[in-house]
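Contents: one structure, followed by commentary.
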Amino acid sequence: MATYMAKLLQRSSVLLKSRVVIRRQYLLTQTCRYSSSPDDLRVNYLDDGEIVVLGLNRPEAKNAISKNLLRLMEEAVMSVKFDNNVRAVIIRSEVPGIFCAGADLKERIMMPQEEVGPFVARLRKAILEFGDLPMPTIAALDGVAVGGGLEMALSCDMLVAASSAKMGLVEAKLAIIPGGGGTQRLPRLVGPSVAKELMFTGRVVDGQEAARIGLVNHCVDQDDSKEAAYTRSLALAREIATQGPIALRMVKKAVNKGNEVDLATGLAFEEAYYAQVIPTKDRMEGLIAFKEKRKPKFKGE
């Protein structure tokens, strides 16, 4: 009898493991069905390459960040980072009604436990590198941006949201915490108390509320195109692109570095970055154009 029970338990264990393997294979098939397209991220160069638009494009997955999308983002960031012709970068969604739903949980559930930590670390690094791009960056939020999607937007220098957009760091609902910089960037924008409330409750706010608390720079009424935030972001990028590109990069460095230190140290950073624009050809072009009452032609030199 004992031998029979042992065999029965062994058979049940094998059957259970087989079901788990089959379930994993099914989920992997369902995930891969839409997670490996090179079009997951569309990179467009506008205005002679001065403005780069990164378009998230995973409609079936609500632009959730998969391994493939993360890889494409890493490649795009490295390409843009060393392109001195780029004056501004916009990140947007190609999918109406959604910016980014955060991490791809369907893919995440398939990951072995030992892969989760490295993937999250890699995602955190990618968001950090996006935030460290030398040129101004803008997030155009025409739809839902939650979890890692909002963290990616928060790494930008400016955020523009449609009134119908939805934003929130909802990780506590899944018994985890924001892992892509959200616990640090959100408080710097809206203050620690408001940020804690939003993260403690997992609350989602619309574009108007986000503008009221200082989460976004601009809130625009959504229109029939469903691209109101992108349209405003593009106008903002084009306004920025007329300025001296080296000056833009030095402003970004001075503000970011100064935000991390005391005032005296921050002023020292400002002085150091100001010194870097003095010998540039663009600075002289700006002075000459002012004297001649014409628009300057900056070359980033």
Side-chain angles (χ1 to χ4, degrees), residues 31 34-46 51-77 80 88-107 123 126-127 130-131 133 136-170 178 180-182 185 204-211 215-238:
T31 301
Y34 55 75
S35 66
S36 59
S37 170
D39 283 337
D40 284 354
L41 183 71
R42 294 177 177 174
V43 182
N44 293 308
Y45 287 76
L46 307 180
I51 297 173
V52 176
V53 181
L54 306 180
L56 305 176
N57 186 47
R58 300 189 69 216
E60 302 92 339
K62 298 182 179 179
N63 289 340
I65 304 171
S66 63
K67 290 180 179 178
N68 184 60
L69 179 56
L70 177 58
R71 177 182 61 81
L72 294 173
M73 289 174 58
E74 290 170 335
E75 292 173 357
V77 167
V80 170
V89 177
I90 300 172
I91 185 165
R92 61 163 301 196
S93 170
E94 302 274 350
V95 183
I98 187 76
F99 175 74
C100 178
D104 188 336
L105 298 183
K106 289 184 179 179
E107 185 179 77
L123 176 58
I127 292 176
F130 185 74
L133 280 175
T137 54
I138 307 169
L141 308 179
D142 276 304
V144 177
V146 293
L150 180 57
E151 288 181 299
M152 184 163 51
L154 288 172
S155 71
C156 292
D157 299 307
M158 294 152 283
L159 285 77
V160 178
S163 54
S164 59
K166 304 293 183 183
M167 288 153 273
L169 294 179
V170 299
R185 290 192 174 95
V204 174
V205 300
D206 62 19
Q208 291 181 337
E209 178 66 7
L215 176 54
V216 301
N217 294 66
H218 304 280
C219 174
V220 293
D221 291 333
Q222 188 58 279
D223 54 28
D224 293 339
S225 73
K226 304 301 181 184
E227 296 183 346
Y230 170 63
T231 300
R232 180 68 182 90
S233 297
L234 185 55
L236 181 59
R238 284 175 169 151

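Keep in mind that what you see is a predicted model, and the values were worked out from it rather than measured.
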Legend entry - Distance (rounded to the nearest 0.5 Å) between Met152 CE and Leu70 CG: 10.0 Å
Inset, instruction - Give, for atom CD1 of Ile65 and atom CG of Leu56, the distance between the pair rounded to the nearest 0.5 Å. - result: 7.5 Å
Inset, instruction - Give a yes-or-no answer on whether the side chains of Ser66 and Asn68 include a donor-acceptor pair shorter than 3.5 Å. - result: no
Inset, instruction - Compare every heavy atom of Ala161 with every heavy atom of Ala229, then report the nearest pair and how far apart it is. - result: CB-C, 3.9 Å
Inset, instruction - Provide the closest heavy-atom pair for Gly180 versus Arg185 in the form atom of the first, atom of the second, distance. - result: O-NH1, 3.5 Å
Legend entry - Heavy-atom closest pair, residues Ile98 and Lys62: CG1-O, 3.4 Å
Legend entry - Value rounded to 0.5 Å, distance of CG in Leu69 from CG in Asp39: 12.0 Å
Legend entry - Shortest non-hydrogen separation from Glu151 to Gly181 and the atoms involved: OE2-N, 3.3 Å
Legend entry - Beyond-backbone contact of Leu54 with Met73, side-chain heavy atoms, under 4.5 angstrom: no
Legend entry - Qualifying residue for side chain to side chain donor-acceptor pair (under 3.5 Å) with Asp142, from Arg92, Arg232, Gln222: Gln222
Legend entry - Side-chain touch Cys156/Ile138, heavy atoms, less than 4.5 angstrom: no
Inset, instruction - Report yes if the side chains of Val43 and Val52 come closer than 4.5 Å at any heavy-atom pair, otherwise no. - result: yes
Inset, instruction - Would you mind reporting whether Val160 and Tyr230 have side-chain heavy atoms less than 4.5 Å apart? - result: no
Inset, instruction - Answer whether the closest heavy-atom distance between the side chains of Val80 and Tyr45 falls below 4.5 Å. - result: yes
Legend entry - Heavy-atom pair with the smallest gap, counting every atom of Met158 and Asn217: CA-OD1, 3.4 Å
Legend entry - Criterion side-chain contact (heavy atoms from CB on, under 4.5 Å) on Asp104 and Lys67, from CA distance to verdict: CA-CA 9 Å; Asp104 188 336; Lys67 290 180 179 178; over 6 Å; no
Inset, instruction - Evaluate the side-chain proximity of Phe99 to Leu150: yes if any heavy-atom separation is below 4.5 Å, no if none is. - result: no
Legend entry - Charged N-O contact under 4.0 Å between Asp40 and Arg58: yes
Legend entry - Point-to-point distance, once rounded to the nearest 0.5 Å, from CG of Leu133 to CG of Asp157: 9.0 Å
Legend entry - Gap separating the CG atom of Leu123 from the CD atom of Glu74, nearest 0.5 angstrom: 9.0 Å
Legend entry - Separation between CG of Leu41 and CD of Glu94, rounded to the nearest 0.5 Å: 9.0 Å
Inset, instruction - Of all the heavy-atom pairs spanning Ala162 and Cys219, show the shortest one and how long it is. - result: C-SG, 4.2 Å
Inset, instruction - Let me see the working for Val205 and Lys166 under side-chain contact (heavy atoms from CB on, under 4.5 Å), right down to the final yes or no. - result: CA-CA 5 Å; Val205 300; Lys166 304 293 183 183; over 6 Å; no
Legend entry - Check: Leu234 and Ile90 side chains under 4.5 Å, non-hydrogen atoms: yes
